[in-house]
Amino acid sequence: PYDASDEDATTDEKFEACRIGLCFVGLVASIDPDRDGVPESVEAAHGAGMRVVMITGDYLKTAVAIAQNVKILRRDDNAEVCAVDCARLRPGDVYLQSDEMDKLTASVRVFARARPE
């Protein structure tokens, strides 16, 4: 059985223990729709030669999906190049040097898991 005080148990072990005796009965999902006019505004900015960048606190996969929906990222863009978790900007909680930061951010259009500082 699940023991919340067992500090040696991994997260996966705790999750498995919580699932014992449960029966899956359904799944619920929700989505926040894109704001009106955002895809059109992004397209207009692209048409004017602007580079559109999205900075969000969302998880990376969520951020990539949103960026694709509003046309910041195109379906054929390589999300591994064009989108990053902001933790890559500060490995070990120390920000990259300016030249490294410039190189990384030159091709990135989606910054996920940003935190206010």
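L89 and V64 are assigned to two separate hydrophobic clusters, defined by single-linkage of ILVMFWY side chains at heavy-atom distances under 4.5 Å. Linking Ile, Leu, Val, Met, Phe, Trp and Tyr residues whenever their side-chain heavy atoms come within less than 4.5 Å leaves F111 and V42 in two separate clusters. In this structure, V110 is not a member of the same hydrophobic cluster as V84, with clusters built from ILVMFWY side-chain heavy atoms closer than 4.5 Å. A chain of hydrophobic side-chain contacts below 4.5 Å, direct or via other Ile, Leu, Val, Met, Phe, Trp or Tyr residues, connects L104 to I55.
Summarising the geometry of Y59 relative to A112, their closest heavy-atom pair is C-CB, 4.1 Å, with the distance given to 0.1 Å. C18 and L22 make their closest contact through O-CD1, 3.3 Å (heavy atoms, listed as atom of the first residue, atom of the second, distance). Residues R74 and R109 come closest through the heavy atom pair N-NH2, 4.4 Å. The minimum heavy-atom distance linking R113 with G57 is given by the pair NH1-O, 2.7 Å. Here the closest non-hydrogen pair linking K14 and A9 is CE-O, 3.7 Å. Closest approach of I66 to M54, counting heavy atoms only: CG2-SD, 4.0 Å.
A salt bridge links R115 to D93: at least one charged side-chain nitrogen sits closer than 4.0 Å to a carboxylate oxygen. Between K103 and E100 there is no salt bridge, since no side-chain nitrogen of the basic residue lies less than 4.0 Å from a carboxylate oxygen of the acidic one.
Enclosure of atom CG in D102 by more than 12 non-hydrogen atoms of other residues, nucleotides or ligands within 6.0 angstrom is indicated. Within a 6.0 Å radius of CG in D36, other residues, nucleotides and ligands contribute 12 heavy atoms or fewer. Counting non-hydrogen atoms of neighbouring residues, nucleotides and ligands closer than 6.0 angstrom, the OH atom of Y95 exceeds 12 such neighbours. Counting heavy atoms of neighbouring residues, nucleotides and ligands inside a 6.0 Å radius, atom CZ of R35 does not exceed 12 of them. Other residues, nucleotides and ligands contribute more than 12 heavy atoms inside 6.0 Å of the CZ atom of R90.
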Q: Decide yes or no on side chain to side chain donor-acceptor pair (under 3.5 Å) for Q68 and R75, but give the supporting numbers first.
A: CA-CA 6 Å; Q68 288 173 335; R75 297 279 177 209; 3.0 Å; yes
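Side chain of D85 to backbone of A87: a donor-acceptor contact under 3.5 angstrom is found. Checked by atom type and distance alone, the side chain of T105 never pairs as donor or acceptor with a backbone atom of V108 at under 3.5 Å.
C82 SG to D77 CG: the interatomic distance, rounded to the nearest 0.5 Å, is 4.5 Å. Residue H46 holds its NE2 atom at 7.0 Å from CD1 of I72, rounded to the nearest 0.5 Å. Rounding to the nearest 0.5 Å places NZ of K71 at 11.0 Å from OG of S41.
Residues satisfying the salt bridge (Lys or Arg N to Asp or Glu O under 4.0 Å) test with D58, not counting sequence neighbours, are none.
Put simply, the side chain of T11 does not reach to within 4.5 Å of the side chain of E13, judged on heavy atoms.
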